[in-house]
Each structure stands twice: as C-alpha cells, then as structure tokens.
Amino acid sequence: MRVLLTGSSGFIGSHVAEALEHEVLPADVLTGVDVRDGDALDRLLPGVDAVVHQAAKVGLGVDVADLPGYASVNVHGTAVLLAAMARHGVGRLVLASSMVVYGEGAYACPEHGRVRPGPRRAPDLAAGRFDPRCPVCDAVLTPAVIAEDAPLDPRNAYATTKLAQEHLAANWARETGGTAVALRYHNVYGPRMPRDTPYAGVASIFLSSLLAGRPPRVFEDGGQRRDFVHVRDVARANVLALDAGTPGALTPYNVASGTPHTVGDLAAALAAQTGGPQPVTTGQYRLGDVRHIVASPAAAARDLGFHAQIPFADGIKEFATPPDARPPATPS
C-alpha cells in the first residue's frame, strides 16, 4: 500500500511514519508541502492508496486571535486535501481527530441518571467549584466513560475545527464512496512531544517546568480526569485503522489507554521521575477547558484490535528521561 502521510514530521506523525509497514510519502511544511496547496497535493496523490491525515494546528489556543489560524489549517486544509483525494480517486482516509469534540465527558446525577452538563460557569470556577452540576437539580455530577455515540459539543476553537474535519471527511466519504476512519485521540504524550510553546500539551508543559527547576503549576484543584495514552500506541492505532471502516461513511474510534489519571497524578508522577519540585495547585482555570473526560476504548478493541500496550508508569518514565539516557525502544 502507498500511503500519503500529512504532518509526517510532527510529534504524532513521526511515530506513525515509523510504525507504517507500507510505502510512505511524507507531506508537511518541513518537506515543502502544505495541505492547503492543492497543486502540491496533485503532484503527490497519483498512485496513492490511502491518506493518513495528521497535519493540524493543535492545542487549546491563546485567544480569539487564533481563530483564523485554526480554521485555515484544520478546516480549509482538510477540505483542500479531500477535494484532491477525490480528483485522484484515493478512497481511504485515516483522520487524526480528538476527544475534544465531546466537550465535557459523560456524567451521572445521583437523582436524574445520565445527564449532559452545559459549559461550566465562570462564577463557579472562580469560587473553586470545578465539577459540573446537574442541569436539573444542580447536584455535583459523577464522571462516567464516554463512547463514540455521545453527543458532540466542542467548546474551543481547536475542538470546533476537529469536529469540522470529521464532518468534511463524512461528506467526502458519502459523495465518493470512500472509507474514512476518525481516531479521537485522548491525551497523547511521549517522545518528541513539543515543548516551550503555548500550544503544547499539559505533559510537556509540566516537564518543561521541572527541567527548568520550577514546580509544575496545576490548574483548578488537579482533580481533572484524563486518559493519557502513549504516542507509540497511537501510532499503532493508525496502522490498524488502515484496514477498518465502512465504504461511504466515517467511523470514529476513541484511542485511549482505558485507564484514567488526574492531571495532578500526571504532575506528581513527572516530579517524582525527574526529582524536581513538587507540583503547585493554583486554582487557576480556563473557560475553554473541560473538567473530566474519560474514554471507553471498547469499540477500537472490537473493530481494530487495538489495545494500549504501554502502561502509564512506563510511559512517564521514558518521557521524563533525557533521550541520550534512554534504552532503545522496544517495537510494539
């Protein structure tokens, strides 16, 4: 199989490139290819059997000034790519999506059962009331696992553009008969994770602080629950997804470890591994953040045969170890 891999030099894309046992055509800004450039795609796509689309502007963003950048790269870029795939008869797509399309995760109220909370209110957050409330009785909700059929509710610019990518890919699949699989990554971490940028993930931000001798600053009360999944497991999910899906449709899958941890757990584990200062819980918050989002990876296990293989403790140990001190990675 001949596979065009967008974002091939990025954090996740570089690991996907190593995991693919196919002929890989790399495409990203470092190789001189922007997914918004239809002419460049027209030169690459003849003879391609599948596209693995990792290229994206990532992170929560800084403020509304980021909106045009997210829309341009993630939405317009994906539209240009899909149109080019249609021109050249490329019928298979694996799309890097994200758990952020869900907004807040799944929750249960002790009185009203499964409910869908609205966005958290600024006055509650300012007062340290971080957990979502029942929209009926205002009781504190208990987090539950979220599956792919949950209602989608993006709550920041990045999330909105990732959902737009899914919708565009579904349009492409219906109109061309192509097969599209959207992998909804949960909190990916591991080697080559970008650092020292406002768009970096939380694991990278914490590690940068620790390596500079500063305590990691944990927002809210540190009790936010996430599923941290290692980048090599994510890369393997992409390989498996090339053989999955249904012609004429988009099929989404959670890509997660199935074992949640809190953000405070993450900060403490990194501090312990590096021997750095203990985390500081700040009580700060961002309105675009969600409180808890814990995935069910059951569908990916059933349909893709995907099971995360790298335990949290092992992955954190590798992530926090300088590259020149790491043993060679074991193929997964």
Cluster check [X], [Y]: I/L/V/M/F/W/Y, side chain < 4.5 angstrom:
X    : Y    : answer
L45  : V3   : no
L211 : V218 : yes
L141 : V290 : no
M99  : V145 : no
V229 : L95  : no

Taking 4.0 angstrom as the limit, do [X] and [Y] come out as a salt bridge?
X    : Y    : answer
E220 : R120 : yes
D153 : R155 : yes
R232 : E318 : yes

Task: Test log, rule side-chain contact (heavy atoms from CB on, under 4.5 Å), inputs V80 and D37 - done: CA-CA 7 Å; V80 172; D37 185 345; over 6 Å; no
Where do [X] and [Y] come nearest, in terms of heavy atoms and distance?
X    : Y    : answer
P277 : G213 : CG-O, 3.7 Å
A180 : W172 : CB-CZ3, 4.1 Å
E148 : N254 : OE2-N, 2.7 Å
T251 : G245 : OG1-CA, 4.2 Å
S8   : A27  : OG-N, 3.3 Å
A55  : T6   : N-OG1, 3.1 Å

Atom [atom1] in [X], atom [atom2] in [Y]: separation rounded to 0.5 Å?
X    : Y    : atom1 : atom2 : value
S208 : M193 : OG    : CE    : 9.5 Å
Y158 : K57  : OH    : NZ    : 11.5 Å
S9   : Q54  : OG    : CD    : 12.0 Å
L81  : L4   : CG    : CG    : 7.0 Å

Open item on the list: Listing request: all salt bridge (Lys or Arg N to Asp or Glu O under 4.0 Å) pairs with a residue in residues 78-95, at least two apart in sequence or in separate chains.
Closed with: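 Found D42-R87.
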Task: side-chain contact (heavy atoms from CB on, under 4.5 Å), paired with V16, selected from V94, V234, N238 - done: N238
TODO: Applying side-chain contact (heavy atoms from CB on, under 4.5 Å), run through T246 and T179 and close with a yes or a no.
DONE: CA-CA 6 Å; T246 302; T179 299; 5.8 Å; no
Test of understanding: with salt bridge (charged side-chain N to carboxylate O under 4.0 Å, His left out), list the residues that count as partners of [X], not counting sequence neighbours.
X    : answer
D138 : R121
R2   : E23
D221 : R291
R184 : E166

Say whether, by atom type as modelled, one donor and one acceptor occur between the side chain of [X] and the main chain of [Y] under 3.5 angstrom.
X    : Y    : result
T31  : D28  : yes
N74  : T161 : no
N187 : R226 : no

Tell me, do [X] and [Y] make a side-chain contact under 4.5 Å, heavy atoms counted?
X    : Y    : value
T259 : H261 : yes
L183 : L240 : no
V136 : C109 : no
V90  : V51  : yes
Y102 : P154 : no
R133 : V140 : yes
L93  : H53  : yes
L266 : L270 : yes

Between [Y] and [X], is there a side-chain donor-acceptor contact under 3.5 Å, judged purely by atom types and distance?
X    : Y    : result
Q224 : D289 : no
N156 : Y70  : no
D227 : Y185 : no

- [ ] Go through the steps to decide whether F206 and V263 satisfy the test side-chain contact (heavy atoms from CB on, under 4.5 Å), and finish with yes or no.
- [x] CA-CA 10 Å; F206 288 166; V263 173; 3.7 Å; yes
If the condition is side-chain hydrogen bond (donor to acceptor under 3.5 Å, both in side chains), which residues does [X] pass it with, not counting sequence neighbours?
X    : answer
Q165 : T78, K162
R36  : D34, S72
Y107 : E104

TODO: Assess whether atom CD of Q284 is packed by more than 12 heavy atoms of other residues, nucleotides or ligands within 6.0 Å.
DONE: yes
TODO: Output the rest of the hydrophobic cluster of L250: all Ile, Leu, Val, Met, Phe, Trp and Tyr residues reachable through side-chain heavy-atom contacts under 4.5 Å, sorted by chain and number.
DONE: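 Answer for L250: none, a lone residue.
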- [ ] Scan for ring-ring contact (aromatic ring centres under 6.0 Å, His included) pairs involving residues 218-256, sequence neighbours excluded, and state none if there are none.
- [x]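 Found Y189-H230.
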Open item on the list: By the ring-ring contact (aromatic ring centres under 6.0 Å, His included) test, which pairs, at least two apart or in different chains, include something from residues 262-306?
Closed with: none
TODO: Sort and list the pairs that fulfil side chain to side chain donor-acceptor pair (under 3.5 Å) and have at least one residue in residues 264-274, not counting sequence neighbours.
DONE: T262-D265
TODO: Begin from the C-alpha positions of V33 and L44 and carry the test side-chain contact (heavy atoms from CB on, under 4.5 Å) through to its verdict.
DONE: CA-CA 9 Å; V33 179; L44 287 171; 3.8 Å; yes
